[in-house]
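Below are the structure tokens for one structure; questions will follow.
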Amino acid sequence: MGYLGEEIRKLGFGLMRLPQKDGAIDVEQVKEMVDLFMDAGFTYFDTAWAYAGSEDAIRQALVERYPRERYQLATKNAAWIDCKSKEDVYAQFDASLAQTGAGYFDFYLLHNLGEGRSHYFDDFDVWDWVQEKKKAGLIRHVGFSFHSTPEELEDILNAHPEMEFVQLQINYADWENPAVQSKRCYEVARKHGKPVIIMEPVKGGMLATPPESVEKIFKNAEPDSSTASWAVRFAANLEGIITVLSGMSNTAQMKDNLSYMASFQGLTGSQQETLRQAQEEMAKIPLIPCTTCNYCAKVCPMDIGISGSFTAMNYLTLYRDLGLAKHQEEWLVGGHGKKHADACIKCGKCEEACPQHIKIRDRLAEVKETLLA
């Protein structure tokens, strides 16, 4: 509590995965969830212009039903989506104001910086423009969400020390994951004195159903606690945290989160040891040992998204969800402008460059058979 002068409890309501009914957001159930959240003393709501229907739903469920001073509302600007000019960027902000009806935003984020998306915020001078909105009283705090390397985060924070906070993907499974580097990104933000909002603490719901050997550790320690609760509490226990966003999709998930976060005072020593054991068990699961150094990508004549392909296969191994793994492959490979595994010509240059000595050609054949079939 108290970061940036705001009193915010450690659980935030992420509005990206709202309940659905007949193909649309179930606003009545969202109202129930909002009421439970507010009644428990929580106040932080996170939406985005890019979350279809979310801003409109939170207007109906929250803004039109509660005094404006009783909650904090965050939304985001995705300058990399269909923006050809500064006017397109400004239009997103105006649309968010209209759709939420909030009058102003307590937290406004430049959405999903990293990799090929960051330059749009430079090209359209969004950094200075958003400060003007803050001076005009339409924004109280400005920051950004981020999905990339700690090195790129360092560069952005060096270039823009005026940013007040950073939103990062952090969970116990990704803490030491070389493909995500949660811990290192967190450490960069803290080095720059930036408080952190945590997103994806349950990894899009995957840590609600972790590998059986991991779940057994949690159930032995606390039989009555949900496995998802361990993921949220891990994130909430870190220092310098404004809040931990949970993308709750129904009333049951809301009640579960409130059951342990309403009185959360930090993890005990034994709980931290349980999480350490779970992380160790997760590390034992046989994964493709790719560290995403991307030396292979630099020599691949077909420009295949090798590390992204392997990350997607590791998702399948860990979480046993083929649909999710295919979605990850499409995003991490096709979504990043790379060719898919079926473009491999088996030249072997990648294996010569790989410091982990991965049999890349064989692994890409597995990706082709499993995720691209």
Side-chain angles (χ1 to χ4, degrees), residues 4 12 14-16 46-51 54 74-86 88-93 96 105-134 139 141-171 174 177 179-201 203-204 240-245 247 292 294 307-308 311 328 331-332 335-338:
L4 307 180
L15 304 168
M16 187 172 71
D46 172 87
T47 183
W49 172 86
Y51 300 167
S54 176
T75 195
K76 311 177 189 73
N77 188 294
W80 41 273
I81 297 181
D82 298 330
C83 287
K84 307 298 182 184
S85 66
K86 292 181 180 180
D88 292 337
V89 176
Y90 305 161
Q92 282 192 24
F93 181 83
S96 292
F105 297 112
D106 302 273
F107 290 76
Y108 196 72
L109 293 85
L110 309 187
H111 194 177
N112 196 9
L113 270 69
E115 301 173 333
R117 301 174 298 278
S118 298
H119 75 87
Y120 290 95
F121 298 93
D122 297 326
D123 295 347
F124 300 135
D125 196 24
V126 180
W127 305 99
D128 290 337
W129 168 79
V130 78
Q131 294 299 326
E132 293 172 5
K133 292 297 181 183
K134 182 180 177 182
I139 297 170
H141 304 293
V142 179
F144 60 91
S145 62
F146 181 82
H147 289 274
S148 190
T149 65
E151 290 79 14
E152 186 172 2
L153 179 60
E154 181 89 52
D155 289 343
I156 291 173
L157 289 175
N158 282 333
H160 298 284
E162 74 277 10
M163 291 290 102
E164 298 174 81
F165 65 95
V166 181
Q167 186 163 304
L168 298 173
Q169 176 179 323
I170 293 176
N171 54 67
D174 288 333
N177 185 340
V180 181
Q181 302 186 76
S182 289
K183 181 180 180 181
R184 288 189 60 206
C185 286
Y186 167 78
E187 290 171 345
V188 169
R190 297 304 298 140
K191 183 182 77 171
H192 284 263
K194 306 302 181 185
V196 174
I197 294 171
I198 292 178
M199 57 182 162
E200 303 292 353
K203 203 172 174 68
I241 301 302
I242 295 175
T243 196
V244 178
L245 300 174
T292 67
N294 286 320
S307 63
T311 296
Q328 284 294 313
W331 164 243
L332 293 171
H336 287 66
K338 299 291 185 178

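From a predicted model like this one, the values you see are computed outputs, not experimental measurements. Keep in mind that the numbers below use all heavy atoms, side chains included, and drop hydrogens, waters and symmetry copies. Residue numbers count from 1 along this sequence.
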- Verdict with supporting geometry, Tyr51 and Asp46, side-chain contact (heavy atoms from CB on, under 4.5 Å): CA-CA 10 Å; Tyr51 300 167; Asp46 172 87; 4.1 Å; yes
- Give the minimum heavy-atom separation between Leu15 and Ser54, together with the two atoms involved.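 Reported closest heavy-atom pair: O-OG, 2.8 Å.
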- Spacing of Phe124 atom CZ and Tyr90 atom OH [to the nearest 0.5 Å]: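 Nearest 0.5 Å value for the CZ-OH distance: 10.0 Å.
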- Item | Listed partners of Lys86 passing salt bridge (Lys or Arg N to Asp or Glu O under 4.0 Å), at least two apart |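 Lys86 satisfies salt bridge (Lys or Arg N to Asp or Glu O under 4.0 Å) with no residue once adjacent residues are dropped.
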- Message: Quick check for you: to the nearest 0.5 Å, what is the distance between Lys194 atom NZ and Leu4 atom CG?
- Response: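 Rounded to the nearest 0.5 Å, the NZ-CG separation comes out at 9.5 Å.
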- Task: Classify the angle between the aromatic ring planes of His160 and Trp127 as parallel (below 30°), tilted (30 to 60°) or perpendicular (above 60°).
- Result: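 It falls in the parallel class, under 30°.
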- Given side chains that start at C-beta, do those of Leu332 and Lys338 come closer than 4.5 Å, heavy atoms only?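 Leu332 does not reach Lys338 side chain to side chain.
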- Sub-3.5 Å donor-acceptor pair from the side chain of Arg190 to the main-chain atoms of Glu187, do we have one?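 Looks like no, no N/O pair under 3.5 Å.
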- Task: Search all heavy atoms of Ser182 against all heavy atoms of Gln169 and return the closest pair with its distance.
- Result: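 Result for this residue pair: OG-O, 2.8 Å.
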- Taking side chain as C-beta onward, heavy atoms only, is Tyr186 less than 4.5 Å from Ile241?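 Heavy-atom side-chain distance check passes, below 4.5 Å.
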- Item | For the student: nearest non-hydrogen atoms of Pro150 and Cys185, plus distance |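 Nearest pair, atom of Pro150 first, then Cys185: N-SG, 3.7 Å.
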- Rounded to the nearest 0.5 Å, how far apart are OG1 of Thr75 and NE2 of His111?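 Going from the OG1 atom of Thr75 to the NE2 atom of His111 covers 8.5 Å.
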- Item | Distance (rounded to the nearest 0.5 Å) between Asp88 CG and Tyr120 OH |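 Asp88 CG to Tyr120 OH: 12.0 Å, rounded to 0.5 Å.
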- Query: Say you draw a straight line from CG of Asn112 to CD1 of Ile81; how long is it, rounded to the nearest 0.5 Å?
  - Reply: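 Those atoms lie 8.5 Å apart.
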- Could I get the full list of salt bridge (Lys or Arg N to Asp or Glu O under 4.0 Å) partners for Lys203, not counting sequence neighbours?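 Scan of Lys203 (salt bridge (Lys or Arg N to Asp or Glu O under 4.0 Å), adjacent residues dropped) gives Asp174.
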- Query: Are Lys134 and Glu164 ion-paired here, with the side-chain N under 4.0 Å from a carboxylate O?
  - Reply: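 Looking at Lys134 and Glu164, the cut-off is met.
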- Message: Would you say that Phe121 contacts Phe144 through its side chain, given a criterion of any heavy-atom pair below 4.5 Å between the two side chains?
- Response: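 In short, these two side chains do not touch, never coming nearer than 4.5 Å.
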- Can you see which heavy atom on Asn158 is nearest to which on Pro161, and at what distance?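 In this case the closest contact between Asn158 and Pro161 is O-CD, 3.7 Å.
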- Per the side-chain contact (heavy atoms from CB on, under 4.5 Å) rule, which among Thr243, Val244, Ile170 passes with Ile197?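 The option that passes is Thr243.
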- Residue pair Gln131 / Met163, side-chain heavy-atom distance below 4.5 Å: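 A side-chain contact under 4.5 Å exists here.
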- Query: Any idea which heavy atoms bring Val196 and Ala189 closest together, and the distance?
  - Reply: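 Looking at all heavy atoms of both residues, the closest pair is CG2-CB, 3.8 Å.
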- Message: Is there a side-chain contact between His192 and Glu154 in this structure, where contact means two heavy atoms from C-beta onward sitting under 4.5 Å apart?
- Response: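 Yes - at least one pair of side-chain heavy atoms lies under 4.5 Å apart.
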- Message: I'd like to know if the side chain of Gln167 and the backbone of Gly143 have a donor-acceptor N/O pair within less than 3.5 Å.
- Response: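 Not a single qualifying donor-acceptor pair exists.
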- Would you call Phe146 and Glu152 a side-chain contact if the rule is heavy atoms closer than 4.5 Å?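 A side-chain contact under 4.5 Å exists here.
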- Task: For the residue pair Val166 and Ile156, establish whether any side-chain heavy-atom pair is separated by less than 4.5 Å.
- Result: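 A side-chain contact under 4.5 Å is absent here.
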- Taking the side chain as every heavy atom from C-beta outward, state whether Met16 and Leu245 have any atom pair closer than 4.5 Å.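 Side-chain contact under 4.5 Å: no.
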- Item | Any donor-acceptor pair under 3.5 Å from Lys76 side chain to Tyr108 backbone |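 Not a single qualifying donor-acceptor pair exists.
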- Task: Quick one: pull up CG in Asn77 and SG in Cys83 and give me the separation to the nearest 0.5 Å.
- Result: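 Result: 6.5 Å between the selected atoms.
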